[in-house]
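Any value given below was found using the heavy atoms of this structure, including those in side chains, with hydrogens, waters and symmetry copies removed.
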Amino acid sequence: MLELLTYPFMQRALLAAVLVGITAPAVGIYLVQRRQAIMGDGIGHVALTGVALGFLTGTNPVWTAIAVSALGAVLMELIRWYGKTRGDLALAMLFYGGMAGGVLLINLSPGGSNANLTTYLFGSITTVSQQDVVVISLLAGFVMLITLGLRRQLFAVCQDEEFARVTGLPVRTLNLLLAVTAAVTVTVAMRVVGLLLVSALMVVPVAAAQQATRGFAMTLALAVSIGVVVTLSGTVFSFYENVPPGASIVVLAIGVFAVITALAAPLAKSRARRAAAAEERCTLRDDVLV
């Protein structure tokens with residue numbers, strides 16, 4: 001199995017997988033807390049326009065994807081803030097427009113075709129270059145700086161915006177910062193799992209961790225651990241079986257969720273029975289003392 005480490009492209013692929021496995025759940029936990037699990041999918045649609053714009057202008061698609069997806073994420077947040085009853089329709093148009101804009105621009109670029117978008121739509125981790133690794137590392141550092149450095153403030157905002165506003169937190173600024181951070185995370189992950197599947201890696205490890213843990217810190221730690229395990233395992237599996245890594249990673253993540261859910265239900269019932277028995281013993285002791 002260690003033979004794959006002798007290939008430089010696999011070394012880069014595994015490093016990129018680890019970085020994505022850490023950053024995606026670190027942002028996803030806040031989106032899940034806000035019940036915006038689908039936001040990563042919407043940003044992925046918008047980022048496609050950025051990728052195509054990179055091909056059209058002859059620049060690195062990663063940087064143009066960051067710019068466009070960040071703008072799209074800010075627009076999503078403003079629509080959520082001001083849109084009210086018409087917000088869902090505006091978001092739908094933004095999502096579909098992002099996908100359509102990507103297809104249109106890629107076909108307008110010199111020598112471009114829809115095939116150029118395939119590696120970004122579904123991921124192509126084995127084609128990650130040394131330059132890509134540097135860019136992914138820098139972006140991952142930014143994401144972790146925000147998600148960990150501002151974890152208390154972001155958690156407060158995601159838990160209860162009104163309470164956070166009363167305590168003096170800059171709620172709107174933090175919301176916009178989280179939206180931009182989610183956009184950067186999507187860009188980081190697009191070469192690994194693809195724009196169409198990135199939302200799953202942001203949400204499924206968090207959902208799995210929530211089945212087995214209590215408290216924000218423990219949930220975050222377990223979600224990141226699951227993210228790293230499934231990205232590494234999916235990458236190794238794709239190397240030996242010659243299957244798409246993005247699909248392998250997401251299927252493994254869903255499998256982990258199913259296993260943890262199956263194990264967590266009996267444990268939760270057992271804890272509930274023990275708690276009820278302890279409460280009954282306390283009641284009987286109080287009755288005897290009386």
Side-chain angles (χ1 to χ4, degrees), residues 1 4 13-41 43-44 122-123 125 128 136-137 139-141 143-148 151 154-155 158 178 181-182 184-241 243-268 271:
M1 181 176 177
L4 59 84
L14 291 172
L15 178 57
V18 170
L19 293 174
V20 171
I22 294 172
T23 55
V27 174
I29 191 170
Y30 298 107
L31 299 183
V32 171
Q33 189 71 29
R34 294 176 64 180
R35 294 178 175 83
Q36 291 183 319
I38 204 65
M39 183 176 182
D41 188 49
I43 295 175
F122 301 102
I125 194 171
V128 173
I136 291 173
S137 299
L139 297 178
V143 171
M144 297 309 297
L145 180 65
I146 298 300
T147 55
L148 295 182
R151 62 187 182 280
L154 291 175
F155 176 78
C158 294
L178 180 61
T181 305
V184 173
T185 304
V186 168
T187 308
V188 170
M190 70 180 180
R191 293 301 300 272
V192 178
V193 294
L195 293 173
L196 295 182
L197 298 176
V198 63
S199 185
L201 193 56
M202 298 171 72
V203 172
V204 177
V206 176
Q210 287 179 333
Q211 304 299 313
T213 58
R214 296 179 180 178
F216 177 80
M218 289 298 296
T219 301
L220 176 60
L222 182 56
V224 169
S225 299
I226 293 172
V228 171
V229 169
V230 297
T231 50
L232 285 176
S233 302
T235 302
V236 173
F237 180 77
S238 66
F239 173 79
Y240 285 107
E241 299 298 329
V243 294
S248 302
I249 291 169
V250 172
V251 169
L252 284 173
I254 294 174
V256 171
F257 171 80
V259 171
I260 292 179
T261 301
L263 294 175
L267 290 176
R271 285 196 299 266

Trainee: In the structure I gave you, are the side-chain heavy atoms of Val204 and Val250 within less than 4.5 Å of one another anywhere?
Mentor: no
Trainee: Measuring only between side-chain heavy atoms, which start at C-beta, is Ile226 closer than 4.5 Å to Ile260?
Mentor: yes
Trainee: Any chance you could measure Gln33, atom CD, to Phe216, atom CZ, to the nearest 0.5 Å?
Mentor: 7.5 Å
Trainee: Any idea which heavy atoms bring Thr235 and Ala17 closest together, and the distance?
Mentor: OG1-CB, 3.6 Å
Trainee: Which pair of non-hydrogen atoms, one from Tyr30 and one from Leu154, has the smallest distance, and what is that distance?
Mentor: CE2-CB, 3.5 Å
Trainee: Could you report the tightest heavy-atom contact between Val198 and Ala189, atom names first, then the distance?
Mentor: CG2-CB, 3.4 Å
Trainee: Restricting to non-hydrogen atoms, name the atom on Ser248 and the atom on Ser238 that form the minimum distance, rounded to 0.1 Å.
Mentor: OG-CB, 4.4 Å
Trainee: Of Leu19, Val184, Leu148, Thr187, which meets side-chain contact (heavy atoms from CB on, under 4.5 Å) against Val143?
Mentor: Val184
Trainee: Any non-hydrogen side-chain atom of Val224 less than 4.5 Å from a side-chain atom of Ile29?
Mentor: no
Trainee: Mind listing the closest non-hydrogen atom pair of Pro25 and Val20 along with its distance?
Mentor: CD-O, 4.0 Å
Trainee: Can you tell me how far the CG atom of Leu220 sits from the CD atom of Gln210, to the nearest 0.5 Å?
Mentor: 11.0 Å
Trainee: How long is the straight-line distance from CG of Leu201 back to CG of Leu252, given to the nearest 0.5 Å?
Mentor: 11.0 Å
Trainee: Does any part of the side chain of Thr231, heavy atoms only, come nearer than 4.5 Å to the side chain of Ile22, both counted from C-beta?
Mentor: no
Trainee: Can you give me the closest heavy-atom contact between Ser233 and Val229, atom names plus distance?
Mentor: OG-O, 2.7 Å
Trainee: Counting C-beta onward and ignoring hydrogens, is there a side-chain heavy-atom pair between Val203 and Leu31 closer than 4.5 Å?
Mentor: no
